[in-house]
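In what follows, every chain begins at residue 1, and chains take the letters A, B, ... in the order their sequences are listed.
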Number of protein chains: 2
Amino acid sequence: MEAVAEQVFVALADPSRRSILAALASGGPATATDLANRLPITRQAIAKHLTLLTDAGLVTPEHGERRRVRFRLHSAPMQVAQQFLAAMARDWDSRLDALKDHLER
Amino acid sequence: MEAVAEQVFVALADPSRRSILAALASGGPATATDLANRLPITRQAIAKHLTLLTDAGLVTPEHGERRRVRFRLHSAPMQVAQQFLAAMARDWDSRLDALKDHLER
DNA sequence: GCTTGACGCAACCCGAGAGTTGCAATATGT
DNA sequence: ACATATTGCAACTCTCGGGTTGCGTCAAGC
């Protein structure tokens, strides 16, 4: 679970990757060349990002006709990362509360 | 809000920074030299990470006695990032639902 | 059969960031 | 007064990742 969350953080830390995800979210599943037409970077750079996003589980490749590969969004890893963030914040706040209780005692 | 979330993602993408946050979470507020004793990296490297974490709002410096500066965790930006993730996942899923509805019609 | 468009792979460039070493300043203890 | 400890700043190295260029390959259309 922590490994998935880390991959999601790494993926979302890059602005180009966020642009790719935003393009997929607004325009639906698309290929690397489609994204290259919409974004100011090369198809190969987008392909690299897509492999990283695929490893993170944020995107799944779908082999279609005419050797085209369309990529579709997958939100499950983001929910895992969200749970991870929630647990982390809860942990921190519980420590703060414990310290506060200790000082008040 | 998106800027805060991005800073949190960048901060959590680095394993050293996660180690620092984990050390602060388990051991309470500490100085850079304290963290340097617990972690396998130099104090200066930790200091750089702490400035980045301070810019992200995840940590706040507290000037104490004897020129010591202790850093305390702050969970608010993580909750903002969590909200951001939730909104993003909700956006993706709503698009999937809209597409499904369109296909079923 | 030949062109056209799309994908994959490999090599290369380059800037950013993670880490270290070194030093100056400052404050505390004896 | 002097030694010790801690912080901040600056310069340097070096690896890694984002990006490009180039080429080979494979499927479809004419």
Checklist entry - Between Leu58(B) and Leu73(B), is any pair of side-chain heavy atoms under 4.5 Å apart? => result no

Checklist entry - Any side-chain N or O of Thr31(B) under 4.0 Å from OP1/OP2 of dT7(D)? => result yes

Item to check | Minimum heavy-atom distance Val69(A)-His63(A), with the two atoms named | outcome: CG2-ND1, 3.6 Å

Checklist entry - Using the ring of each side chain (for Trp, its six-membered ring), is Phe9(B) parallel, tilted or perpendicular to Phe9(A), with breaks at 30° and 60°? => result parallel

Checklist entry - Roughly, in whole Å, what's the span from CG in Leu53(B) to C1' in dA18(C)? => result 13 Å

Checklist outcome for this item: When rounded to whole Å, the CZ to P distance for the pair Arg70(B) and dT6(D) reads 15 Å

Next on the checklist: Nearest whole Å is fine: how far is dG8(C) C1' from Arg68(A) CZ?
Outcome noted: 16 Å

Checklist entry - Starting at CG of Asp55(B) and ending at C1' of dG17(C), how long is that distance when rounded to a whole Å? => result 15 Å

Next on the checklist: Looking at dG19(C), I'd like to know if its phosphate oxygens (OP1 or OP2) sit under 4.0 Å from a side-chain N or O belonging to His49(B).
Outcome noted: yes

Checklist entry - Which residues satisfy the side chain to side chain contact (heavy atoms under 4.5 Å, CB included) test with Thr51(A), sequence neighbours excluded? => result none

Checklist entry - Which whole-number value in Å describes the distance from Leu52(A) CG to dC16(D) P? => result 15 Å

Checklist entry - Within less than 4.0 Å of OP1 or OP2 of dG19(D), is there a side-chain N or O belonging to Ser16(A)? => result yes

Next on the checklist: Can you measure Ile20(B) atom CD1 to dG17(C) atom C1' for me and round it to whole angstrom units?
Outcome noted: 14 Å

Checklist entry - Quick one: is Thr33(B) getting a side-chain N or O under 4.0 Å of the dA5(D) phosphate, OP1 or OP2? => result no

Item to check | Ionic contact status for Arg43(B) with Asp34(B), cut-off 4.0 Å | outcome: no

Next on the checklist: Output one letter per nucleotide in nucleotides 20-30 of chain C: B when a protein non-hydrogen atom lies under 4.0 Å from the base, S when only the sugar-phosphate is that close, - when neither is.
Outcome noted: BBB---SSS--

Item to check | Interatomic distance, Leu39(B) CG vs dG19(C) C1' [rounded to whole Å] | outcome: 14 Å

Next on the checklist: Test: side chain to side chain donor-acceptor pair (under 3.5 Å). Region: residues 5-21 of chain B. Which pairs qualify, not counting sequence neighbours?
Outcome noted: Glu6(A)-Arg18(B), Arg18(A)-Glu6(B), Arg17(B)-His49(B)

Checklist entry - What is the minimum heavy-atom distance between Ala89(A) and Met78(B), and which atoms define it? => result N-CE, 3.5 Å

